[in-house]
Amino acid sequence: MSLTQNATVVQPEASLASIVVRCMGCGMRVPADRPVTQCPACGDLLDIEIPISAPIDRRVFGTALPRHLRSSGVWRYAPLLPRLPEDAIITRAEGNTPVYWDDRLAHYAGLEQLGLKHEGHNPTASFKDRGMTVGMSHARAVSARVVACASTGNTSASLASYAAAAGLTALVLIPEGKIAGGKLAQTIAHGARIVQVQGDFDAALRLLRQLTEQYPVYLVNSVNPFRIEGQKTIIFELLEQLDWKVPDVIALPGGNLGNTAAFGKALADLWAAGLIDRLPRLLTVQAAGAAPFAAYYASGFDRYEPVTAETVATAIKIGNPASIERARRAIQLTNGWVIAVSDDEILEAKAAIDRAGIGCEPASAASLAGIRRLVRDGQIAPAAVVVGILTGHVLKDTEAVVSYHLHDHDGRPRPGANRPITIPADFAALERTVADAL
Ligand code: F0G
């Protein structure tokens, strides 16, 4: 081979050896040719370093890729992702989710304009598919046989789907009786092996981590740094949709805090790549009954205490978030906020989103409830450009819809409750019932 052969810039060959995985605590480099979930030396979280040489041309995204990768809203951002061997990549054209601008919801929040990026438009109807395509591709690259997660429902649905596509065995641990019906149905239908733990999510994750330490089981929870890499693309895609104009605030719900961590990393990458010239402020919104991160923030990130979680938003019913420290970095990097909103605020915001024809699951509505609160408190100006992330589809949790609209609460219907009316099969009865709408 001659060094003078040509002058074209050749991308380094995609290989596991070229991927730098490093411990966020002790800095040790960990090989990427095996499952990686925590530092073997100190047990801390792992991080993937993407070599970015600025400036990256924004027109590069989606180019020079085979069609199936180009049409993925994750892999089109390949220059900002770990370079996994192409034949290991398992993709279902995830991402490519819309941003809705709705005047009624802007008004509800007290803003002049509000964007809602709907991650419920992913293949399994939640944002989890973005991290899953990267995690599952790494699992294939290291020849994993069994892939596993503990989940409040959406990760399990996504894992089950991608494992089926990849031909791997999916093992799912869920808190018994505490995940929404749509998510359980997906996980069952896609053929995952489901173990219902008599305990909460935190107990299920603890058990699974023990299992993965002793057996060759590939852990796909968001402690897995490859998952975080995929979830960064929510931000990449959002910024591209906004013509790279940085919004003032990006709000999202917080549970295990993988997404908050991923957003911080995505913004740091975009900054390093010269693609943005300022940072938005992140707003992580927790449910009041599951808000250890909000309390940690309120203490100036001085005191952290896990809680026993309780909330109607089952997706974020998590008392001891695994990614808490990397999420802290994301909030500090962006001068962000972490707040807690009540279940009533979440349900009301959800009803407003649903009523606007957009729809989302309860946890997603924490974004809007949180934005509304900070506008009311004067922390976000009405003229600010704000984008909320809707993390999951309305059909994930139909029980929540039924309960809100059809059941009284404290002896009264909830605000805006929409109750179907039953009539006999009789035309006069129909006329009487709908007269006011005609
Ligand atoms: N919204 C939805 C719909 C979720 O399913 C989750 C997390 C979150 C928000 C919170 O994201 O954990 O990154 O802070 N669901 C996980 C699961 C825990 O198992 O499906 P996070």
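Computed from a predicted model, the values in this text were never measured in an experiment. Atoms within each ligand, like the ligands themselves, are counted from 1 in listed order.
- Using a cut-off of 4.0 Å between Lys/Arg side-chain N and Asp/Glu carboxylate O, Arg326 and Asp44 are scored as not salt-bridged.
- Of all atoms in ligand 1, numbered sequentially from 1 with element shown, those under 4.0 Å from a heavy atom of Ile316 are 8 (C), 9 (C), 10 (C).
- Residue contacts with ligand 1, taken as heavy atom pairs separated by less than 4.0 Å, involve Lys128 solely via side-chain atoms from C-beta onward.
- Remark: ligand 1 and Asn259 share an N or O pair separated by less than 3.5 Å (distance only, no angle test).
- Note on Arg278 versus Asp248: salt bridge recorded, some NZ/NE/NH1/NH2 to OD/OE distance being below 4.0 Å.
- Heavy atoms of Ser126 come nearer than 4.0 angstrom to ligand 1 in no pair at all.
- Using a 4.0 Å cut-off between charged side-chain N and carboxylate O, Arg412 and Asp410 make no salt bridge.
- Note that CZ of Phe61 and CZ of Arg76 are 8.0 Å apart. Values are rounded to the nearest 0.5 Å.
- Asp344 and Arg414 are joined by a salt bridge, as a carboxylate oxygen and a charged side-chain nitrogen come within less than 4.0 angstrom of each other.
- A donor-acceptor contact shorter than 3.5 Å links the side chain of Gln241 to the backbone of Thr97.
- The protein non-hydrogen atom at the shortest distance from atom 4 (C) of ligand 1 is Ala315 CB, 3.5 Å.
- Geometrically, ligand 1 and Gly255 share a nitrogen or oxygen pair separated by less than 3.5 Å.
- Not a single donor-acceptor pair under 3.5 Å links the side chain of His405 to the backbone N or O of Arg419.
- Between Asn221 and ligand 1 there is no heavy-atom distance shorter than 4.0 Å.
- The nearest non-hydrogen atom to atom 19 (O) of ligand 1, considering only Ser151, Cys149, Ala150, comes from Ser151.
- Taking only nitrogen or oxygen atoms, main chain and side chain alike, Thr155 reaches within less than 3.5 Å of ligand 1.
- Of all atoms in ligand 1, numbered sequentially from 1 with element shown, those under 4.0 Å from a heavy atom of Thr152 are 15 (N), 16 (C), 17 (C), 18 (C), 19 (O), 20 (O).
- Below 4.0 Å from some heavy atom of Asn154 lie the following atoms of ligand 1, by number and element: 2 (C), 3 (C), 4 (C), 5 (O), 20 (O).
- Side-chain contact, Thr391 with Ser364: a donor N or O sits under 3.5 Å from an acceptor N or O.
- Looking only at protein heavy atoms, the nearest one to atom 11 (O) of ligand 1 is Phe127 CZ, 3.6 Å.
- Remark: Arg70 fails to qualify as a cation-pi partner of Trp75 under the 6.0 Å distance and 45° angle criteria applied to the six-membered ring.
- Near Ile318, meaning under 4.0 Å from any of its heavy atoms, are these atoms of ligand 1: 18 (C).
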Step-by-step salt bridge (charged side-chain N to carboxylate O under 4.0 Å, His left out) determination, Arg58 to Glu240: CA-CA 8 Å; Arg58 60 183 66 161; Glu240 197 171 27; over 6 Å; no
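- Of the heavy atoms in Lys396, none comes closer than 4.0 Å to ligand 1.
- Below 4.0 Å from some heavy atom of Gly258 lie the following atoms of ligand 1, by number and element: 13 (O), 14 (O), 21 (P).
- What sits closest to atom 2 (C) of ligand 1 on the protein, heavy atoms only, is Thr391 OG1, 3.3 Å.
- Contact annotation for Leu252 and ligand 1: no heavy atom of the residue comes within less than 4.0 Å of the ligand.
- Remark: ligand 1 atoms within the under-4.0 Å shell around heavy atoms of Gly254 are 14 (O).
- Using a 4.0 angstrom heavy-atom cutoff, Pro253 counts as in contact with ligand 1.
- With hydrogens and angles disregarded, no donor-acceptor distance shorter than 3.5 Å links the side chain of Thr260 to the backbone of Leu257.
- The existence of a salt bridge linking Lys128 and Glu119 is excluded, since no basic side-chain nitrogen approaches an acidic carboxylate oxygen closer than 4.0 Å.
- A salt bridge links Asp269 with Lys232: at least one charged nitrogen is closer than 4.0 Å to a carboxylate oxygen.
- Residue Leu257 has at least one N or O atom closer than 3.5 Å to an N or O atom of ligand 1.
- The contact set between ligand 1 and Asn256, taken as ligand atoms under 4.0 Å from a residue heavy atom, comprises 12 (O), 14 (O), 21 (P).
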